[in-house]
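What follows is a short report on a single structure.
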Amino acid sequence: MHDTAIALVQLGAVFFGLGLLGKMAWRIGISPIPLYLIGGLAFGQGGLVPLHGIEDFSHISSEIGVILLLLLLGLEYSAAELMTGLKRSWTAGLVDIVLNAAPGAIAALVLGWGPVGALAMAGVTYISSSGIIAKVLGDLGRLGNRETPVVLSVLVFEDLAMAVYLPILTAVLAGVSFLGGLSAVGISLAAITVVLVVALKFGRYVSAVVDSPDPEVFLLKLLGAALLVAGVASQLQVSAAVGAFLLGIAISGSTAENATRMLEPLRDLFAAMFFVVFGLNTDPASIPPVLGLAVALAVATTLTKVATGWWAARRQGIGRLGRARAGAALVARGEFSIVIASLTVASGAVDGQLAALATAYVLLMAVLGPVAARVVEPLARLVRKRGAEPVAA
Amino acid sequence: MNVEVTPLPGIGTRQDFMIRAGRRIGVITHRDGKFELIVSRKDDPDDCSASIALSPAEAGTLAGLLGAPQLVAHLEEQHRDVAGISTRQFPIVPGSRFDGRTLGETELRSRTGASIVAVVRAGSVHPSPRPDFLFEGGDLVVVVGTADGLAKTTEILGG
């Protein structure tokens, strides 16, 4: 009993503390993700107070956190939206990949982490945080803006790219041969195609299987299906997260809306735990040595994301201010960079410093993203004014 | 009117159009049933100077307010052949004399010769209201009558 009491107190303290951090974060207008990471760093390995007795729970709940993160990401899109998004944004999507994966890959190669490390870091710097970006766009009242669909379709493309990238990364991390890697790619591409076709043609049947008018039954079936699919996917060497993502896409219509509403608080709870556990497993002492590099990477990839957004918005005939807004909106990195880093670290196939670099990088980018989205407009107006003055005088 | 429909993946749909004043005006329909009224900036048509969140009930009310003139125009059209008869709408100001009283109490027909043909409330139209119809603040009363009758109606309902 005594052990249970201690575990409950610790868990309670962790959740309550996260609640306070989250409240503080949104009040000052940034994402709570960096604060959760810092919270995790403060405790655990090499931190102030080590936590005991809740490792099992925190480990499994952080796994559930990742599954829910990707399930809800999949639920956000219908297959039809993914297809139109893909058709409209594939050029911008490719520019996005080239410009933003390159800095991470180059940094990893320079540090001597090899091609596997380069693949992982490419993902970390490439993927924007759709969670942070959607929230910021809503908060700033930009959903009606003309450049917003451009931003959203780039995000859709990135999410699809994730569905292809994660299984490849998992396969490569597992140390499979070149041929094995190719077959993993083949399997994941085939799985995605099948799911998209199923979702487009038979989405309502998948929805009907999990749907129920009774909230309790609905929640149990939904969560059960997600964990089952995730478990099977992870057994098949396709990552658990990807399985959940594909299930999310296959569920559509009002079922998806109800599911989102029901699972959102659960996701926020477990995802917060995921960030804490990632922080817990990272030694804070490993951060300072990579801080300079993280800052350099942050500066470089802020510029490349702005360039991506600028280019994509310009193609849609958006004015200069709108292009700047689109670019700045895309800057935030967050949950998925950490998902990639945690997959990489868990495999043990890559230098341990990668976790430290990814943590420091996301700490910077999750704060910088919302700030950039906010200040870009006054900044752009200022620049325009400065530029115009000498002409006027 | 050329209404542009733009899907917003993961959020909903944006429907907007250019008005003569050079601004984009429109509505975002969120997946969860909420609405947002958007008005673009004058100096930057890509940006929104206002995006106002509306509940379904609020959106319905706004639609009713904007829709009432439509109803009046429609009735006007119907009465065009009848010389000397026209249609007009009168708001019942909250807290005014008839807020909370019945249609019969206005004695409009006997005093002016004009008749109340419809009441628009919270976005829905109540056609041919009966004498026991209870007015509420915010109602729009649609009246048909002669110019003289409508002038008198203004005096009665306006007070």
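In what follows, every chain begins at residue 1, and chains take the letters A, B, ... in the order their sequences are listed. Since the model is a prediction, treat every value here as computed from it, not as a measurement.
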inquiry  = Tell me if the CH2 atom of Trp90(A) is crowded by more than 12 foreign heavy atoms within 6.0 Å.
reply    = no
task = Flag yes if more than 12 heavy atoms outside Arg23(B) fall under 6.0 Å of its CZ atom; otherwise flag no.
result = yes
Heavy-atom cut-off 4.5 Å, strictly under: side chain, backbone, both or neither for [X] against chain A?
{"X": "Asp47(B)", "result": "both"}
{"X": "Ile28(B)", "result": "side chain"}
{"X": "Ser40(B)", "result": "neither"}

task = Go through the atoms of Arg323(A) and report whether side chain, backbone, both or neither lie under 4.5 Å from a heavy atom of chain B.
result = neither
note = Okay, Arg320(A) and chain B: the region with an atom under 4.5 Å from a heavy atom over there is neither
query = Donor-acceptor pair, Arg24(B) side chain versus Gly144(A) backbone, under 3.5 Å?
reply = yes
key: Any donor-acceptor pair under 3.5 Å from Asp46(B) side chain to Glu147(A) backbone   = no
request  = State the CG-CD1 distance between Asn145(A) and Ile38(B), to the nearest 0.5 angstrom.
outcome  = 8.0 Å
key: Interatomic spacing from CG in Leu152(A) to OG1 in Thr6(B) - rounded to 0.5 Å   = 11.0 Å
query = For Arg146(A) and Arg14(B), which heavy atoms make the closest approach, and how far apart are they?
reply = CA-NH1, 3.6 Å
query = Looking only at heavy atoms, what is the nearest atom pair of Cys48(B) and Gly141(A), with distance?
reply = CB-O, 4.2 Å
query = Do the side chains of Arg41(B) and Leu321(A) get nearer than 4.5 Å, heavy atoms only?
reply = no
request  = Heavy-atom pairs under 4.5 Å with chain B are the metric here; pick the option from Ser130(A), Ala256(A), Ser153(A), Pro149(A) that has the most.
outcome  = Pro149(A)
